[in-house]
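Data block below; observations after.
For ligands, and for the atoms within them, numbers begin at 1 and follow the listed sequence.
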Amino acid sequence: MLSEIKNSLINLDIDKTLELVKKAIDQGFKPLDIINTMAEGMKVIGDMFERGEYFISDLIVASEIFKEVMKILEPLIMKEKEVMKPIGRVVIGTIEGDIHDIGKNLVATMLRVNGFEVIDLGVDVSPQKFVEAVKQYNPDIVGMSALLTSTMMNMRKVIETLEKEGLRDKVKVIIGGAPITEEFAKRIGADAYGENAIVAVDICKRLVEELKGKK
Ligand code: B1M
């Protein structure tokens with residue numbers, strides 16, 4: 001079933017993908033397994049784009065399908081959300097120059113499900129906008145997402161701007177996205193790298209604890 005979902009996404013067949021996703025839910029498949037399958041499919045689509053087999057319009061269709069599937073899955077995931085005092089506040093956004101938001105949205109959703117308050121700044125977020133949000137919302141964590149090798153260096157600019165404004169010690173910084181690595185995170189002075197949305201949640205919990213320990 002999951003491989004059928006992946007293939008129908010790769011074939012850009014929205015009706016079939018939505019039908020299969022609904023069937024999978026009825027059959028008891030977990031929303032997170034469906035999301036992981038969809039993410040694998042997106043990687044294949046990206047590779048096909050790189051090889052010239054798909055065009056930018058195809059990527060747009062693929063992301064629309066992903067978003068439609070998320071409209072079905074998100075309420076199911078949010079149902080699991082426990083009502084509790086937020087365990088931490090996260091300001092999140094896709095870095096300047098970059099408009100990819102599927103992964104960032106997924107991270108925001110998983111953080112919310114797990115008890116974080118999330119302020120989502122959207123896409124193409126400038127260093128200044130991140131800094132203004134830190135001043136306005138006083139978050140525990142700043143989360144940045146980048147999908148392009150040409151934009152990932154803008155993450156360093158955000159960290160530098162936080163330093164200049166004297167805010168760096170007040171927040172923890174987590175970064176993620178397809179081209180990001182642990183090594184890159186260390187190099188630019190981020191506190192952590194999240195490989196995927198689930199890992200990011202665990203890391204954010206740890207970062208909040210670390211921050212509390214400092215106070
Ligand atoms: Co673009 N694109 N795209 N694209 N696109 C990639 C990233 C690319 C790898 C495709 C390829 O060539 N193989 C390539 C980048 C190459 C590079 O930089 N080396 C690329 C390119 C080149 C481009 C354009 C430049 C194409 C053009 O115009 N010629 C252009 C750039 C636009 C811009 O941003 N300025 C562009 C545009 C687009 C669309 C708009 C059409 C569309 C995005 C729509 C949208 O997001 N609303 C799109 C898509 C869909 C993709 C691919 C196919 C899929 C991305 C995706 O949604 N994946 C992508 C291929 C790929 O990634 N291999 C590609 C699914 C998502 C769940 O995964 O975002 O990785 P991901 O998130 C993961 C983890 O990375 C992590 O958790 C998530 C899952 O659990 N994570 C975090 C993400 N953020 C995190 C933050 C964290 C922690 C974890 O903490 C804060």
Requested in this report: Apply the test salt bridge (Lys or Arg N to Asp or Glu O under 4.0 Å) to residues Lys205 and Glu209: give CA-CA distance (whole Å), side-chain angles for both, the deciding distance (0.1 Å), then the verdict.
Outcome: CA-CA 6 Å; Lys205 285 181 182 166; Glu209 286 308 312; over 6 Å; no
Query - Flag: protein heavy atom within less than 4.0 Å of atom 64 (C) of ligand 1 - result: yes
Query raised in the report: How far is atom 45 (C) of ligand 1 from its nearest protein heavy atom, and which residue and atom name does that atom have?
Result: Asp101 OD1, 3.4 Å
Query raised in the report: Does atom 8 (C) of ligand 1 have a protein heavy-atom neighbour under 4.0 Å away?
Result: no
Report task. Give a yes or no on whether atom 21 (C) of ligand 1 lies under 4.0 Å from any heavy atom of the protein. Result -> yes
Report task. Select the closest option to atom 32 (C) of ligand 1 among Ile95, Ile99, Leu32, judged by heavy-atom distance. Result -> Ile99
**Report entry** Nearest protein heavy atom under 4.0 Å from atom 59 (C) of ligand 1, yes or no
**Finding:** no
Query raised in the report: Out of Ile203, Ile141, Ile56, whose heavy atom is nearest to atom 27 (C) of ligand 1?
Result: Ile56
Query raised in the report: N/O of Ala197 under 3.5 Å from N/O of ligand 1, yes or no?
Result: yes
Report summary line: Restricting to heavy atoms, the pick from Leu59, Asp47, Asp58, Leu147 nearest atom 69 (O) of ligand 1 would be Leu147
Query - Under 3.5 Å: N/O of Lys43 near N/O of ligand 1 - result: no
Report task. Provide the number and element of each atom of ligand 1 under 4.0 Å from a heavy atom of Lys67. Result -> 47 (N)
Report summary line: Atoms of ligand 1 under 4.0 Å from any heavy atom of Ile174, numbered from 1 in the order shown, are 90 (O), 91 (C)
Report summary line: Taking only non-hydrogen atoms of Ile102 and a 4.0 Å limit, the atoms of ligand 1 in range are 46 (O), 57 (O), 67 (C)
Query raised in the report: With atoms numbered from 1 as shown, which atoms in ligand 1 lie under 4.0 angstrom from a non-hydrogen atom of Asn196?
Result: 76 (C), 77 (O), 80 (O)
Query raised in the report: ligand 1 versus Ser63, non-hydrogen atoms closer than 4.0 Å: side chain, backbone, both, neither?
Result: side chain
Report task. Could you tell me whether ligand 1 has any atom less than 4.0 Å away from a heavy atom of Gly177? Result -> yes
Query raised in the report: If you measure from each non-hydrogen atom of Leu148 to ligand 1, which part falls under 4.0 Å: side chain, backbone, both or neither?
Result: both
Report task. Decide yes or no on side-chain hydrogen bond (donor to acceptor under 3.5 Å, both in side chains) for Glu96 and Ser126, but give the supporting numbers first. Result -> CA-CA 5 Å; Glu96 188 166 41; Ser126 67; 4.8 Å; no
Query raised in the report: Which of the listed options, Met152, Glu195, His100, holds the heavy atom that is closest to atom 4 (N) of ligand 1?
Result: His100
Requested in this report: May I ask you to list the atoms of ligand 1 that are less than 4.0 angstrom from any heavy atom of Asp98?
Outcome: 34 (O)
Query - Ile60-ligand 1 polar pair, N/O distance under 3.5 Å - result: no
**Report entry** Met38, portion touching ligand 1 at heavy-atom distance under 4.0 Å
**Finding:** neither
Report task. Pick whichever of Gly41, Gly143, Gly103 has a heavy atom sitting closest to atom 71 (P) of ligand 1. Result -> Gly103
Query raised in the report: ligand 1 and Leu106, any nitrogen or oxygen pair closer than 3.5 angstrom?
Result: no
Query raised in the report: Ala62 near ligand 1, heavy-atom distance under 4.0 Å?
Result: no
Report task. State, with a plain yes or no, whether a side-chain heavy atom of Phe130 is found less than 4.5 Å away from one of Leu162. Result -> no
Requested in this report: May I have the step-by-step check of side chain to side chain contact (heavy atoms under 4.5 Å, CB included) for Glu165 and Lys170, ending in yes or no?
Outcome: CA-CA 11 Å; Glu165 300 272 344; Lys170 292 192 165 59; over 6 Å; no
Requested in this report: Distance to 0.1 Å, residue and atom name: give those for the protein heavy atom nearest to atom 50 (C) of ligand 1.
Outcome: Met42 CE, 3.6 Å
Query raised in the report: Do any N or O atoms from the side chain of Asp191 and from the backbone of Val173 form a donor-acceptor pair under 3.5 angstrom?
Result: yes
Report summary line: side-chain contact (heavy atoms from CB on, under 4.5 Å) test vs Met70 passes for just one of Ile34, Asn105, Ile35, namely Ile35
